[in-house]
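Here, residue 1 is the first one in the sequence, and each next residue gets the next number. The structure presented is a predicted model; accordingly, all values stated were derived computationally and were not measured.
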Amino acid sequence: MKIIGLTGGIATGKSSVSRHLRSLGLPVIDCDALAREVVEPGTPALRSIAATFGPDVINPSSGCLDRAKLGAIIFADAAKRRQLNAITHPAIRRAILARVIECWLRGEHIVIIDAPLLIESGLHKFMSEVVVVYCPDDIQLKRLMLRDGLDEAAARARMAAQAPMSAKLSLATRVLDNSGSLEELFRQVDELVPRLYPAFLRVWAWRLLPPAAVLGLVYLAAVAILPRVW
């Protein structure tokens, strides 16, 4: 089973690619969804967040994380962003591992890990391939402002909170250019998918033994290690 990392910048179209891959029948692990799961009410991660950033980041009526309040804190302060990542990333890694193993046990040939912070968290080191969804900075900025209703300063702050696109592109094995229409983006995805599957003669080897990526994730989950500086 090949483990494919899918990433990109905020508002570059990664989520659109992820949805299209699902529509083609590929198993996709959504790390944004896992990030929400690990901070649900009653979880150790949510308790740690409240202890670190104060009770105001918890909605008093629902007990849920107030993402807007927390976002205002972490997007303005890189040190606080690292604190949050140190709390949530080990739990997210363990959740990713569990789902990767489920896919392997089902006999899947390929699984997609949709992770906005694939590069920043170091997970890219354990992927068979890294697919980056790209668009130029000016297009990314306009899309982000329109999508989230942000002014330019707020949108730029969110873009700056992620690794530069140049760093992601330097680590990519495949690049999807989303400068144009969704139809053009999906055409690139349709052409890419057959190339991602393992060669026929390697399929049985991947089925018989978990790939190195799985073993790497097992190690990281066991010791709960995350890079402290992105």
Seminar exercise, completed: CZ of R158 to CD1 of I74, rounded to nearest 0.5 Å, is 9.0 Å
Exercise. Are any of the side-chain heavy atoms of L24 and D190 separated by less than 4.5 Å?
Worked result: yes
Exercise. Taking all non-hydrogen atoms of both residues, which atom of V133 and which atom of G13 are closest, and how far apart?
Worked result: CG1-C, 3.8 Å
For this session: Measure the shortest side-chain to side-chain distance between I73 and F53 over non-hydrogen atoms and say whether it is less than 4.5 angstrom.
Result: yes
Exercise. Got R67 and V39 here, is their nearest side-chain heavy-atom distance under 4.5 Å?
Worked result: yes
For this session: Could you check L196 against R174 for side chain to side chain contact (heavy atoms under 4.5 Å, CB included), going step by step and ending with a plain yes or no?
Result: CA-CA 10 Å; L196 295 177; R174 314 276 185 175; 4.2 Å; yes
For this session: Report yes or no: do F126 and L117 belong to one cluster of Ile/Leu/Val/Met/Phe/Trp/Tyr joined by side chain heavy-atom distances under 4.5 Å?
Result: no
Exercise. Measuring from L123:CG to R93:CZ, what's the distance to the nearest 0.5 Å?
Worked result: 4.5 Å
Problem set entry | Side-chain heavy-atom pair D77, Q83 within 4.5 angstrom cut-off | no
Exercise. CG of L144 to CG of D148: how many Å apart, nearest 0.5 Å?
Worked result: 5.0 Å
Exercise. Do the ring planes of F186 and H20 sit parallel (below 30°), tilted (30 to 60°) or perpendicular (above 60°)?
Worked result: parallel
Exercise. Thinking salt bridges, do R47 and E40 make one under a 4.0 Å N-O criterion?
Worked result: no
Exercise. Taking the side chain as C-beta and beyond, is there a heavy-atom pair between V17 and L21 under 4.5 Å?
Worked result: yes
Exercise. Y197 and L6: same hydrophobic cluster, using ILVMFWY side-chain contacts below 4.5 Å?
Worked result: yes
Exercise. So, for K14 and D32, which heavy atoms are closest and what is the spacing to 0.1 Å?
Worked result: NZ-OD2, 4.4 Å
Exercise. Do I110 and M1 touch side chain to side chain, with heavy atoms closer than 4.5 Å?
Worked result: no
Exercise. How many angstroms lie between CG in L26 and CD1 in I4, if you round to the nearest 0.5 Å?
Worked result: 9.5 Å
For this session: Check C31 against I96 and note the closest heavy-atom contact, atom names and distance.
Result: SG-CD1, 3.5 Å
Problem set entry | Distance-minimising heavy-atom pair for T88 and V38 | O-CG2, 4.5 Å
For this session: Check whether I3 and L118 end up in the same hydrophobic cluster, where Ile, Leu, Val, Met, Phe, Trp and Tyr are linked by side-chain heavy atoms less than 4.5 Å apart.
Result: yes
For this session: Please examine the side chains of E129 and K2, heavy atoms only from C-beta on, and report whether any two atoms are closer than 4.5 Å.
Result: yes
Exercise. Is a side-chain donor or acceptor of D66 paired with a backbone partner of I58 at a separation under 3.5 angstrom?
Worked result: no
Exercise. Taking atom CZ of R81 and atom CG of N85, what is their separation to the nearest 0.5 Å?
Worked result: 8.0 Å
Problem set entry | Over all atoms of both residues, closest heavy-atom pair of I10 and Q162 | N-OE1, 2.9 Å
Exercise. Mind checking whether L182 and Y134 sit in one hydrophobic cluster, side chains of I, L, V, M, F, W, Y counted as touching below 4.5 Å?
Worked result: no
Problem set entry | Steps toward side chain to side chain contact (heavy atoms under 4.5 Å, CB included) verdict (D114, I29) | CA-CA 6 Å; D114 173 356; I29 298 172; over 6 Å; no
Exercise. Run the salt bridge (Lys or Arg N to Asp or Glu O under 4.0 Å) check on K168 and E120 step by step: do they pass?
Worked result: CA-CA 9 Å; K168 297 184 179 187; E120 293 88 337; 3.5 Å; yes
Exercise. L65 and I92: same hydrophobic cluster, using ILVMFWY side-chain contacts below 4.5 Å?
Worked result: yes
Exercise. Is a side-chain N or O of S18 found less than 3.5 angstrom from the main chain of S15, in a donor-acceptor match?
Worked result: no
Problem set entry | Shortest non-hydrogen contact between P136 and S179, atoms and distance | CD-OG, 3.1 Å
For this session: Answer yes when E152 and R156 have at least one side-chain N-carboxylate O distance shorter than 4.0 Å, and no when they do not.
Result: yes
Exercise. Okay, side chain of T7, backbone of A115: is any donor-acceptor separation there less than 3.5 Å?
Worked result: yes
Problem set entry | C135/R143 under side chain to side chain contact (heavy atoms under 4.5 Å, CB included): CA gap, chis, key distance, verdict | CA-CA 10 Å; C135 70; R143 288 175 177 170; 3.8 Å; yes
For this session: Kindly say whether I49 contributes a backbone atom to a donor-acceptor pair with the side chain of T52 at under 3.5 angstrom?
Result: no
For this session: Could you go through the side chain to side chain contact (heavy atoms under 4.5 Å, CB included) check for L176 and V132 one step at a time?
Result: CA-CA 6 Å; L176 298 170; V132 173; over 6 Å; no
Problem set entry | Lys/Arg N to Asp/Glu carboxylate O, R187 vs E183, below 4.0 Å | no
Exercise. How long is the gap from CD1 on I87 to CG on L46, to the nearest 0.5 Å?
Worked result: 10.0 Å
Exercise. Given side chains that start at C-beta, do those of Q188 and D177 come closer than 4.5 Å, heavy atoms only?
Worked result: yes
